Structures are given as C-alpha cells and as structure tokens.
2 protein chains.
Amino acid sequence: MPASSVPDIVVGRLPLYLRALSQMTTEGKEVTSSQELGERLGISSAQIRKDLSQFGEFGKQGTGYAIPFLADQLRRILRVKSIWDVALVGVGDLGRAVAHYAGFVDRGYRIVALYDNDPRKIGEQIGSFTIMDSATMVSNIRSREIHVAMLAVPASDAQQVSARLIEAGVRAILCYAPTSIVVPDTVHVQYIDPVLHLQRMTYYLG
Amino acid sequence: MPASSVPDIVVGRLPLYLRALSQMTTEGKEVTSSQELGERLGISSAQIRKDLSQFGEFGKQGTGYAIPFLADQLRRILRVKSIWDVALVGVGDLGRAVAHYAGFVDRGYRIVALYDNDPRKIGEQIGSFTIMDSATMVSNIRSREIHVAMLAVPASDAQQVSARLIEAGVRAILCYAPTSIVVPDTVHVQYIDPVLHLQRMTYYLG
DNA sequence: TAGATTGTTAATCGATTAACAATC
DNA sequence: TAGATTGTTAATCGATTAACAATC
C-alpha cells in the first residue's frame, strides 16, 4: 500500500485535499466525490482519483468517499495524526505573527520554542513561551528532539541559521526568509515568499 | 518577443530568478551564468536558459548574463518596474504583520489601503495608514483603481470578500486564508498557507 | 586563438486526462 | 435494477534535459 515512491507533486496535493475535507466536515457534509472535491479545488476528478489510488482504495463505487474516513487516512499518510513540535527562529514582526497564529495546532503542528539573537528580545514572553537566546539553540533543539523548524530571520542570516538547525537535527525547514538556502538532500525545505506570488500574478495584468 | 503564450510554470520561476539576481547585486556581482544561477536555486542551467529564451536573448555566449540588465528585463516582463498599489483586507495578527512587512516596496508592491469589519479596529492607525470600514471597500478600491489585493480574513469569509474585491475591480488576489476560493478565470489567485508546506514535508519524515 | 557559455533542437521523461470495466 | 462513481489503463499532453552549433 505505501507505494515505494510517490511523485512529490502528488504529495503536495494531499494537504489540499485534507484541507477541503476538513472544511466539508465543518459544513456538516459526510460524503463527497472526486468530482465535487475537484470543483472546489480547481483540479480534475481524474487527478484526484489517481492521486489517492497511489495510497490505497478509499472510496466506494457509486457513492464516493466517506469524508471522515478519507480525512483520517490522509492525516495518517501525511503523519499529522499526532502533533509535531516546531521551533521558530527569528521573532521580528513576521515571527511574532507566526507565533500567534492559532491555525497550526488542529492541523498537526505546535510551536514549542522561540529563538532570537537580539538581547532586547531574549526573555520576552510570547503567549506561553519565552524567547530564548539563539546561542543555545543547537543544544536545546537537539535535546528536545525537535525535527521541524520555521525560519523567520533576515535573508542574510538564513543560510547560516539553517546550517545550525540541521546540525541540531532539524529535518524540515519552512523558510519565510526571501532567499533560497542550500541544504543536504536529507533535509526538506519549503519557502514562503509572498512577493513571488504577487509577481507571478502581475505578469498577467495589462 | 512577447511570445503569445508562455507556460505559467515558466512565469512562476521568473520571480525566483529576479530574486537571486537582486541578491547577487547586493553581493557586488555584475555577471552570472545559467549554471551559477541554477546552483543557487536548485534548477538546471538548461531550464534557466530555456525559460529566459521564451522572452528574448539576454545573454552573451562565452560570458553569460549581465546581472543589472537581466534583472531589469525581468522587472519589465513581470511588470514591477513601477509599483503596484495593493489593498489589504483583514487586519488581525497576520494582516498586521503583512502591513508592517518592509520587503514589498523594493520588489514592486506597496500597501496603500487597509480594511476590516471590526468596529474596534476601524480608525486605528497602522504605520501611515488608517484602517477603513470594509463596508466602504468596494467603492473605495474602485475609485482608487487598485487592482491587487491581499486577503487576510478568516477562511469562512474569504469567498464572500473575494467576490466583493472582484466587484471592485481587483484582478489579482493573494489569499492568506487557509481555503480555496472560486473566481472567474479573468482573475488571478495565489495562496499562502504555511500548513500545506509543513504537511508536504512531514510526509517524508519517518 | 582557445575556452566558455549561450540559445535552440530533438529526445526523454513524467504528469494529466479520457475512457471504461467493475461494482456499490 | 438503474444510476453513479470508483480505480486503473492507455493515450495524450507538456515539461525537462541532453547535446551541440554558434559565437563572444
């Protein structure tokens, strides 16, 4: 069932399916079809069926997919049935907003450590956590066995900080700094840079 | 030169190229090659050359690309030689952080209007702008001829608010709400949902 | 000139879609 | 049963890569 190698582009769509299914649940729906899901997401029904079939058979001919069951299977596949502890590095405006964001927990992630290198910020309380000195970051992350980190430092620091995160055992980095970082291929990186998205759209505006 | 129809996936890489070139400029570099650019970005040199060739001939055999020239061409292609006025709807924690973010202006975008529907927030000053009542949003955006918007409202409001933005003449929406919205195909939408990226990575973590 | 690197072509590779038998 | 929808196959479509002549 866990096909040896699923294309990453397929993996990238699973969270989208899960998000839509969660939304349907809050709407009180209990069953859906590949067609209905596809219309919501702007994806063809064939693609959704093909993607899901990489992992098993989750539907029933004639009726479609039971939403709670499929959502649960997707959580299992994406490994978010339990909650990942996440470290956040860089507590400027953006880092603060990320730290306050309430939408992580019910989707599998919980920020449990904040680091900054600004002496004026160290010791400050954000929610129920205290900003720690990033000098202690490597040993701290390692001893707590944190494997996921968010990077909200200036672009000029991103490469160096990511190297230290990796040294500490981090294997997945969500990078908010507007820069590309180079990591060993055992480590996963994803980027969030709003300007890239804006530029991609304004290309099309007369 | 402006090839009638360039694949969107190519358009999506241009901002990445521009970002890397800007970075090289701050490093004092003046010339680069498709190979060097590719190493920074984790993209093959052939792909970079192919992508650029969709828009013209910007390099010189034997020497590569003049960074200021290529960056300027990309800015022209992406339409960020002048600055786009942007409306921001929803001024919660996330919206505030977006409003404070200093990195938009030198990359082609400037937030010039903030809207919220919470009476306690309306009138509040954020930087040099005042939060306006979203009841006035449609006429306000239309009269100011704003064509780009960022959406930082709750997921449950995103569809309805985006409809009003479109009614006001907005043609590009950057959606921070964790939901998909349905828009006419004359309108462009891009999404930012950090959890999608995290889930895509934790799939691979044992 | 010799070395380097572009722009482009053709070949390869991979992803999406259409279609349908199976079956609920 | 009849209608609906899955899972899967084969066909199509599109994107990436390899290779190289052109040329700076």
Side-chain angles (χ1 to χ4, degrees), chain A residues 1-17 20-21 24 29-74 77 185 200 203, chain B residues 1-17 20-21 24 29-74 77 185 200 203:
Chain A
M1 177 204 290
S4 55
S5 189
V6 174
D8 180 62
I9 198 164
V10 173
V11 174
R13 281 190 293 260
L14 299 183
L16 218 49
Y17 301 160
L21 291 167
M24 287 175 173
K29 293 186 66 74
E30 294 185 346
V31 170
T32 189
S33 65
S34 57
Q35 184 169 28
E36 183 182 46
L37 205 45
E39 278 164 11
R40 289 219 183 194
L41 296 171
I43 292 176
S44 79
S45 63
Q47 180 154 89
I48 291 173
R49 293 198 301 279
K50 186 114 206 288
D51 286 353
L52 296 177
S53 75
Q54 302 263 7
F55 301 95
E57 306 192 356
F58 306 120
K60 211 180 270 188
Q61 284 103 325
T63 57
Y65 301 91
I67 292 173
F69 174 74
L70 181 55
D72 199 62
Q73 291 298 309
L74 287 173
I77 293 164
D185 55 11
R200 183 178 193 152
Y203 168 83
Chain B
M1 177 205 287
S4 56
S5 190
V6 174
D8 180 62
I9 198 165
V10 173
V11 174
R13 281 189 294 260
L14 300 183
L16 218 49
Y17 301 160
L21 292 167
M24 287 176 173
K29 294 185 66 72
E30 295 185 347
V31 171
T32 189
S33 65
S34 58
Q35 184 169 29
E36 184 183 44
L37 206 44
E39 278 165 10
R40 288 219 183 192
L41 297 171
I43 292 177
S44 80
S45 63
Q47 179 154 91
I48 291 174
R49 293 198 302 279
K50 187 114 204 291
D51 286 353
L52 296 177
S53 75
Q54 302 263 8
F55 301 94
E57 307 192 356
F58 306 121
K60 211 179 271 189
Q61 286 102 324
T63 57
Y65 301 91
I67 292 173
F69 174 74
L70 181 55
D72 199 62
Q73 292 297 308
L74 288 172
I77 293 164
D185 55 11
R200 183 179 193 151
Y203 168 83

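Values below: every heavy atom of this structure, side chains too, minus hydrogens, waters and symmetry copies. Predicted model, so just to flag it, every value in this text is computed and none were measured. By convention in this document, chain letters (A, B, ...) are assigned in the order of the sequence lines, proteins followed by strands, and residues within each chain are numbered from 1.
- Counting only heavy atoms from C-beta outward, the side chains of I43(B) and Y17(B) approach each other to under 4.5 Å.
- Between the C1' atom of dT9(D) and the CD atom of Q54(A) lies a distance of 14 Å, rounded to the nearest Å.
- You'll find the side chain of D8(A) reaches within 4.5 Å of the side chain of R200(B), heavy atoms only.
- Listed by chain and residue number, nothing satisfies the salt bridge (charged side-chain N to carboxylate O under 4.0 Å, His left out) test with R49(B) (two or more places apart in sequence, or in another chain).
- Take K60(A) and apply the salt bridge (charged side-chain N to carboxylate O under 4.0 Å, His left out) test, not counting sequence neighbours, and it matches no residue.
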Fill in: Pair assignment for DNA chain C - dot-bracket with | for other-strand partners, Watson-Crick or G-U under 3.5 Å
..||||||||||||||||||||||
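- At a threshold of 4.5 Å between non-hydrogen side-chain atoms, the residues L74(A) and L52(A) count as touching.
- Considering only side-chain atoms of Y65(B), the nucleotide from dA15(C), dT16(D), dT6(C) that sits closest is dT6(C).
- Rounded to a whole Å, the CD1 atom of I67(B) is 13 Å from the P atom of dT5(C).
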Worksheet item: So F55(A) and L14(A), side chain to side chain contact (heavy atoms under 4.5 Å, CB included) or not? Walk me through it.
Response: CA-CA 11 Å; F55(A) 301 95; L14(A) 299 183; 3.6 Å; yes
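- Applying a 4.0 Å cut-off to non-hydrogen atoms, none of the residues of residues 29-42 of chain B approaches DNA chain D.
- For the pair E57(A) CD and dT6(D) P, the computed distance is 12 Å after rounding to whole Å.
- Rounding to whole angstrom units, CG of residue D51(A) and C1' of dT6(D) are separated by 14 Å.
- Scored by the side chain to side chain donor-acceptor pair (under 3.5 Å) test, T32(B) finds E36(B) as partners (sequence neighbours excluded).
- In this structure, L21(A) CG and D72(A) CG are separated by 11.0 Å, a value rounded to the nearest 0.5 Å.
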Fill in: Base-contact (B) and sugar-phosphate-only (S) positions in nucleotides 17-24 of chain D, heavy-atom cut-off under 4.0 Å, - elsewhere
BBB--BBB
Discussion item. Using the rule given for side chain to side chain contact (heavy atoms under 4.5 Å, CB included), can you reason through V6(A) versus Y203(B), listing the C-alpha separation, both sets of side-chain angles and the distance that settles it, and then say yes or no?
Written reply: CA-CA 11 Å; V6(A) 174; Y203(B) 168 83; 3.8 Å; yes
Discussion item. Does M24(A) form a side chain to side chain contact (heavy atoms under 4.5 Å, CB included) with L37(A)? I'd like the steps, not just the answer.
Written reply: CA-CA 9 Å; M24(A) 287 175 173; L37(A) 205 45; 3.8 Å; yes
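- What you find for A20(A) and L41(A) is that their closest heavy atoms are CB-CD2, 4.1 Å.
- Nucleotide dG7(C) holds its C1' atom 15 Å from the CZ atom of F55(B), rounded to whole Å.
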